[in-house]
Amino acid sequence: VTIGASNGAGPDASQTFTFTIVPPVLTGLMVNPVATTMAPGTTLRFTVAGIYNDGSQPTLSGAQWTSSSPSVATIDAAGIATGIVPGTTTITATLNGVTGSTMLEVAHPTALDVSPAAASVPRGGARWLSAVARFGNGILQDVTPYASWQVADPAIASVVGGGEPG
C-alpha cells in the first residue's frame, strides 16, 4: 500500500510512504478443554484455537486430531474423544504443521450428583433430571445421557433415557 500526501506547495513538499501488510502468522495451537478428566464410555468435544503473532486467538477448524494412547481414549476427525479405560493420554491437534496438545485423564467418578436431589411432581407431571460426575481432581462432567436411571417404585414414577421424565 502506498500513501501520498502533499500540502500543495509543490513536489518538494510531498511525502510518500510505503506499507507492507503482512497477514498474522500462526505460531501455536491451544487445545480446549485444558487438562481435563472424563469417565469411561462417555464422549467429550475438544476444540482448538490458533495463537497468532498479532495476539489473536480465534477458534479454528480443520485440525487433525490424535490420541497418544488410543487404548485409553480415541479421538475422531471432529475432535470428539471417547473414554475407553482409566488412564491418561495426550490429545494433539495439528493444523498447517503447527501442533498443540493437552492431557486427558479417563477415570471413574468419585461421586455422582443428580439434580434435583429431591423433587415433588404432580400426578401426570414431568421433571427433567441431570447427572454430573465428580472426579477426585475437582473436574465435573455432565453424564446425563450416559446414566442408567431407576426409580424405587415404578408404579409411582418412571424415568426414560437421558433423565427425561417417563
To the closest 0.5 Å, what do you measure between CD (Gln64) and CD1 (Ile75)?
12.0 Å
With a 3.5 Å distance limit and no angle check, can you tell me whether Thr82 reaches the backbone of Thr43 through a side-chain donor-acceptor pair?
no
Side chains of Glu105 and Asn137 in contact at under 4.5 Å (non-hydrogen atoms):
yes
What is the distance from atom CD1 of Ile80 to atom OG1 of Thr74, rounded to the nearest 0.5 Å?
10.5 Å
Side chains of Ser68 and Thr89: donor-acceptor distance under 3.5 Å anywhere?
yes
Looking only at non-hydrogen atoms, find the nearest pair between Ala77 and Trp65 and report the distance.
O-CD1, 3.5 Å
Restricting to non-hydrogen atoms, name the atom on Ile84 and the atom on Pro70 that form the minimum distance, rounded to 0.1 Å.
CG1-O, 4.0 Å
Judged by atom type as modelled, is there a donor-acceptor pair below 3.5 Å linking the side chain of Asn96 to the main-chain atoms of Val98?
no
Of all the heavy-atom pairs spanning Ala63 and Ala93, show the shortest one and how long it is.
CB-CB, 4.1 Å
Closest heavy-atom pair and its distance - Ala73, Ser67
O-OG, 2.6 Å
Gly50 versus Leu29, closest heavy-atom pair with distance
CA-CD2, 4.1 Å
Enclosure of Gln57 CD (heavy-atom neighbours >12, cutoff 6.0 Å):
yes
To the nearest 0.5 angstrom, please state how far the OG1 atom of Thr66 sits from the CD1 atom of Ile91.
7.5 Å
Between Leu112 and Tyr146, is there shared hydrophobic-cluster membership here, with clusters defined by ILVMFWY side-chain heavy atoms closer than 4.5 Å?
yes
Nearest-0.5 Å distance that lies between atom CG in Leu129 and atom OG1 in Thr144
8.5 Å
Which atom pair, heavy atoms only, marks the closest approach of Leu104 to Ala81?
CD2-CB, 4.2 Å
Check: Phe46 and Thr92 side chains under 4.5 Å, non-hydrogen atoms
no
For the pair Thr102 (side chain) and Ala35 (backbone), establish whether a donor and an acceptor sit closer than 3.5 Å, ignoring hydrogens and angles.
yes
Under 4.5 Å between side-chain heavy atoms, hopping through other hydrophobics if needed: is there a path connecting Val48 to Tyr52?
yes
Does Leu60 share a hydrophobic cluster with Val31, counting links as ILVMFWY side-chain heavy atoms below 4.5 Å and allowing steps through other members?
yes
Output the distance between atom CD (Gln141) and atom OG1 (Thr42), rounded to the nearest 0.5 Å.
3.5 Å
Single-linkage hydrophobic cluster, 4.5 Å side-chain cutoff, Ile51 and Leu26 together:
no
Determine, using the 4.5 Å side-chain heavy-atom cutoff (strictly less than), whether Met103 and Met38 are members of one ILVMFWY cluster.
no
A side-chain contact here means heavy atoms from C-beta on lying under 4.5 Å apart; do Val85 and Pro40 qualify?
no
Distance in Å, Asp54 CG paired with Thr27 OG1, rounded so as to fall on 0.5 Å steps
9.0 Å
Check whether any side-chain heavy atom of Thr36 sits under 4.5 Å from a side-chain heavy atom of Leu44, and report yes or no.
yes
